[in-house]
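In what follows, every chain begins at residue 1, and chains take the letters A, B, ... in the order their sequences are listed.
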Number of protein chains: 2
Amino acid sequence: MEISERKTKILRAVVDEYVAGAHPLSSQEIRDKHLPDLSPATVRSELSALEEMGYLVQPHTSAGRIPSTKAYKYYVDHLMTRRELSIEDAEYIRGYFEGKIMQVEDLVRRTAKVVSDMTNYTSVIVLNDIEKVRIKQIKLVDLTDGELLVVIVTDAGVIRDTTVNMDIDIGEGYIATATQLLNNIFTGHTLEEVEMPGSMIDGELSSFRQLFDNVIDALKRRTNSQVYLEGGSKILDYPEYRDIDKARNMIATFDNRDELASAMSMAEDIGISLKIDKDERGGIEDCSVVTARYSIGGKEIGKVGVIGPTRMNYDKVISVLNCINDILNEGVEDEQKE
Amino acid sequence: MEISERKTKILRAVVDEYVAGAHPLSSQEIRDKHLPDLSPATVRSELSALEEMGYLVQPHTSAGRIPSTKAYKYYVDHLMTRRELSIEDAEYIRGYFEGKIMQVEDLVRRTAKVVSDMTNYTSVIVLNDIEKVRIKQIKLVDLTDGELLVVIVTDAGVIRDTTVNMDIDIGEGYIATATQLLNNIFTGHTLEEVEMPGSMIDGELSSFRQLFDNVIDALKRRTNSQVYLEGGSKILDYPEYRDIDKARNMIATFDNRDELASAMSMAEDIGISLKIDKDERGGIEDCSVVTARYSIGGKEIGKVGVIGPTRMNYDKVISVLNCINDILNEGVEDEQKE
DNA sequence: ATTAGCACTCTAACGAGTAGACTGCTAACA
DNA sequence: TGTTAGCAGTCTACTCGTTAGAGTGCTAAT
């Protein structure tokens, strides 16, 4: 069913105002702020119609209207003004990335921080599962005391490192051999693809078995440290979460990195996708998550999510995410050129 | 002033019951549960006296008594039953540390988790400031693409690593020279002590200046990632934080790693120290922090803190901290023996 | 020193009553 | 036919008075 232009205008007004103020909109208020040429009565009949169509809801008889989930979806798909961020805002964002950034962890933290600060919602970043990252090279460093540092350089420029405690003696030759062996097995592959060579099981290479196991083991163990959260308390600023039990539920979800990561995993393939009002899922109500796949210098590194009340400022959030994504990619390209 | 035995008994009863139930204690209730041979009236006069002495407080005239801050202090110093953890509990804790743990980060996370899980309060671990850690050795690893991985092995067995982007060409010889140079400067010293050698400023070593700066810079930058929090939502389980604004304040404090670290910094020198009711400090009321210096295998690595309501179960918390500390140290000693 | 008895105080819960915020409907109007 | 004014109806949120109950402090008796 088609929505008339006037209805569209009213629907947009209700969403915008409700996002800003979190209180139901009356016919009067809509007239005063958005349609001064109409009478409240006319607005009322339009509101009735929009409610009939499922876009608006009345909390109770003598209250105004608030947008339904359907309204938010429609708003995001058809009504939203996809504006660019102002130059000042973009500059402000750039400020967060000033100074030398040498570690992925640092970069990711800053990104999470700026997303949260700019949007005033909670942000989450989940780095891609190590299983899918292509390994470029492996280096072994002898740390004496029988400790060996394993450095893995991956596709995304990410470096994961882990120390391995070796029972056997480590000599100069051992390291050279082991390095070559590991690189033969791992280089150019993802962790998913790698299999232990038969010769390692009980062949002549069985003495390297422990090392191999340790590397695999350590790589997999990193998984749950790859979730970054910023601005967890921000969600408590919104009246939807005045209720202490809802608040507690939300914060408990933030505590649980695994749950957070899985909530983020439904991000669509390309660009920005959003999941509105994922109700009924363990009591997380009135909550929306905007997710986007994120890349640095063209390489996808993970997903970023913005968690806020359903009446989120989707426009702003999406602008911010786009802007940061642009900055991240241009920045790294510059760096690569050097 | 001396406290009679009967007063002691009553004080302990009030603290214990209030910790468990969070509601004011009446003379009646104390009599029924702890002093069946007395009349409520007698208990009342004792309560009056204890209130006079500053150990008890009445929320309002017709309510029972609750412990004052002074009472908690007295309780911890004189009344607490410093019991050992049960064998089952100790075994349960051990379970958290099963499997290979090869990274300090992993170990710290697990420790934070088990502290929070066992006590049901929020736990924080702040690793010692890098400035104070003694550096054992530095290794450089060429990662190609002009990237250099700097591995720093420290006193506490902690390994901090960072990549450095070098403008100049890196040759085999360069790395060997640079490694030797860096080790001459850093090995055996703490970061605080290190100064840039004069020859690096404009002498024959000036080409290494960038590397030196990068190492210092990168080391210092790690600081705020060295704070680990677990069970942030747990504090919301306690009625003290039913008030949404208090809850928000608390969670906001958790979000701010720097603030958290500084709140933890007042830990006493040895053993377990606790800071009760650090009121008035930016609105964090009804909140206590138990802090302890933590070590692994005899080397101090940082501080652990337990954050909960003032009516915390100090007994349990301290037992758990002690037990975990023991396990951590014995575990590593075993490993070192091998 | 302890206790029973009692008057007193304060909270928390309940219910009635009220103001006011909006709506939906009806009837008039362009 | 679309728009509007007017009005009755409904629901919330707030206030206020009342009351039950919890617990104390005091006094006088044991």
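Remark: side-chain polar atoms of B:T310 are paired, donor with acceptor, to backbone N or O of B:C287 under 3.5 angstrom. A donor-acceptor distance shorter than 3.5 angstrom exists from the side chain of A:S123 to the backbone of A:A112, with no hydrogens or angles considered. With B:S68 contributing its side chain and B:G54 its backbone, the two residues share a donor-acceptor pair below 3.5 Å.
At the heavy-atom level, A:R65 lies under 4.0 Å from the strands shown only through sugar-phosphate atoms. Across all strands shown, A:Q58 has heavy atoms under 4.0 Å from sugar-phosphate atoms exclusively, and none from any base. Counting non-hydrogen atoms under 4.0 angstrom, A:R31 reaches nothing in the nucleic acid. Within 4.0 Å (heavy atoms only), B:S45 reaches no atom of the nucleic acid at all.
Heavy-atom contacts of chain B under 4.0 Å fall on DNA chain D between two terminal nucleotides, which in 5' to 3' order are D:dA22 to D:dG25. Once you apply a 4.0 Å limit to the heavy atoms of chain B, the touched nucleotides of DNA chain C run 5' to 3' over C:dT2 to C:dT11.
Salt bridge annotation for A:R109-A:E230: absent, with no cationic side-chain nitrogen under 4.0 angstrom from a carboxylate oxygen. The pair B:K234-B:D117 meets the salt-bridge criterion, since a charged nitrogen lies less than 4.0 angstrom from a carboxylate oxygen. Checked for salt-bridge contact, B:K33 and B:E29 meet the test: a charged N lies under 4.0 Å from a carboxylate O.
No side-chain donor from either of A:S48 and A:S45 sits under 3.5 Å from a side-chain acceptor of the other.
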Could you please spell out the steps behind the ring pair (Phe, Tyr, Trp, His ring centres under 6.0 Å) verdict for B:Y75 and B:Y314?
CA-CA 9 Å; B:Y75 181 87; B:Y314 295 101; 7.4 Å; no

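Comparing B:P59 and B:A41 against DNA chain C, the residue whose closest nucleotide sits nearer the 5' end is B:A41.
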